[in-house]
Amino acid sequence: MNADAFEAAVLAAYPVSDEVFARAKWMGEAADACGVLSKRYRRIESSLTQRIRTEGLTSDEYELKELTRPFSRVNVPLLKAERPDVFSAAVHVKQAFAEKTLGRRTLYDLVADVLGDEISRYEVVTVTDVRSLLPDSAAALYVEDFEEFVRFAVVDR
């Protein structure tokens, strides 16, 4: 089932008015209900997929698959060693850490003055920064792609 099929079923069971106020009210209430159902359905899905995994259940029609989400991260030590110019242009500390350390100021150089070499534990270079400072082919040398576990899901074979 996809969102369009689900929406069609909901709209068939609960028609929505064409009047703008009634339609807006219905949409808001439907969005709230969908938010509640989404959390409820995810909890149930998680419980069922855990049961499938722990009991070793199988199906001729379905299989359990790990869903992942791609993400990228800068290889900071390699970038720092090979492209100190890009590292220097892109490096910063996370705002929350800087605020915790110094309060709200313009931060990297001030934190570096306070921490000295210890700042390396808190240095951050974002993928966006590296990609904005280097051509794609060069940026690719310093950006690593990963996949992050999202959840287990049952899919058709």
Side-chain angles (χ1 to χ4, degrees), residues 1-7 10 24-59 62-157:
M1 177 182 339
N2 64 33
D4 291 335
F6 188 80
E7 181 181 39
V10 169
K25 180 179 184 290
W26 189 97
M27 290 295 173
E29 290 172 351
D32 291 343
C34 286
V36 170
L37 288 176
S38 176
K39 290 175 185 169
R40 182 181 303 162
Y41 291 175
R42 285 288 178 224
R43 278 193 307 271
I44 295 168
E45 177 194 35
S46 178
S47 174
L48 293 170
T49 57
Q50 182 177 1
R51 180 176 170 210
I52 292 167
R53 290 179 14 246
T54 57
E55 295 180 17
L57 302 177
T58 60
S59 166
Y62 303 104
E63 66 180 322
L64 192 62
K65 185 174 185 174
E66 279 192 29
L67 301 184
T68 60
R69 172 181 341 176
F71 71 97
S72 300
R73 178 174 47 218
V74 174
N75 182 332
V76 175
L78 181 63
L79 180 68
K80 190 174 189 175
E82 293 188 0
R83 291 298 304 266
D85 57 323
V86 174
F87 173 81
S88 179
V91 70
H92 60 282
V93 294
K94 290 184 178 181
Q95 179 180 347
F97 172 76
E99 286 181 3
K100 189 188 305 183
T101 304
L102 297 174
R104 295 182 182 197
R105 302 177 203 200
T106 342
L107 302 194
Y108 181 77
D109 290 332
L110 296 174
V111 174
D113 288 344
V114 171
L115 297 180
D117 291 340
E118 279 295 303
I119 195 169
S120 65
R121 292 178 40 206
Y122 306 101
E123 290 173 334
V124 174
V125 177
T126 67
V127 171
T128 302
D129 291 337
V130 171
R131 287 182 176 154
S132 72
L133 292 165
L134 292 173
D136 289 344
S137 59
L141 298 172
Y142 307 104
V143 174
E144 301 167 322
D145 294 320
F146 300 90
E147 290 200 348
E148 171 181 58
F149 174 78
V150 176
R151 69 181 199 280
F152 287 99
V154 172
V155 297
D156 293 321
R157 286 194 182 271

Separation between CD1 of Ile52 and CD of Glu63, rounded to the nearest 0.5 Å: 11.5 Å
Measure the OG-CZ distance between Ser38 and Arg43 for me, rounded to the nearest 0.5 Å. 10.0 Å
What's the separation between atom OH in Tyr41 and atom SG in Cys34, rounded to the nearest 0.5 Å? 9.0 Å
Here the pair of heavy atoms bringing Pro84 nearest to Ala81 is CD-O, 4.1 Å
Does CZ belonging to Phe71 count more than 12 external heavy atoms closer than 6.0 Å? yes
Which of Asp109, Val91, Val93, Thr101 passes side-chain contact (heavy atoms from CB on, under 4.5 Å) with Ile119? Answer is Val93
For atom CZ of Phe97, decide whether the heavy atoms of other residues, nucleotides or ligands shown that lie under 6.0 angstrom number more than 12. yes
For Val74 versus Val130, what's the shortest heavy-atom pair and its separation? CG2-CG2, 3.9 Å
Do Leu115 and Arg121 have side-chain heavy atoms sitting under 4.5 Å apart? no
Go through the steps for Glu66 and Phe149 under the test side-chain contact (heavy atoms from CB on, under 4.5 Å), then give the verdict. CA-CA 7 Å; Glu66 279 192 29; Phe149 174 78; 3.8 Å; yes
Take atom CG of Asn2 as the centre, draw a 6.0 Å sphere, and report whether it contains more than 12 heavy atoms from other residues, nucleotides or ligands. yes
side-chain contact (heavy atoms from CB on, under 4.5 Å) test vs Glu45 passes for just one of Arg40, Gln50, Arg151, namely Arg151
Crowded around Asp85 CG? As in, over 12 foreign heavy atoms under 6.0 Å? yes
Ignoring hydrogens, what is the shortest heavy-atom contact between Glu82 and Tyr142? Give both atom names and the distance. OE1-OH, 3.4 Å
Between Tyr108 and Glu123, which heavy-atom pair has the shortest distance, and what is it? OH-OE2, 2.8 Å
Correct closest heavy-atom pair for Arg53 and Leu64 would be CG-CD2, 3.1 Å
Nearest heavy atoms of Leu133 and Val86, plus distance in Å: CD1-O, 4.0 Å
Can you name the side-chain hydrogen bond (donor to acceptor under 3.5 Å, both in side chains) partners of Glu7, sequence neighbours left out? none
Between Leu78, Asp129, Leu79, which is the residue that forms a side-chain contact (heavy atoms from CB on, under 4.5 Å) with Phe87? Leu79
Rounded at 0.5 Å granularity, tell me how far CZ in Arg42 sits from OG1 in Thr49. 10.0 Å
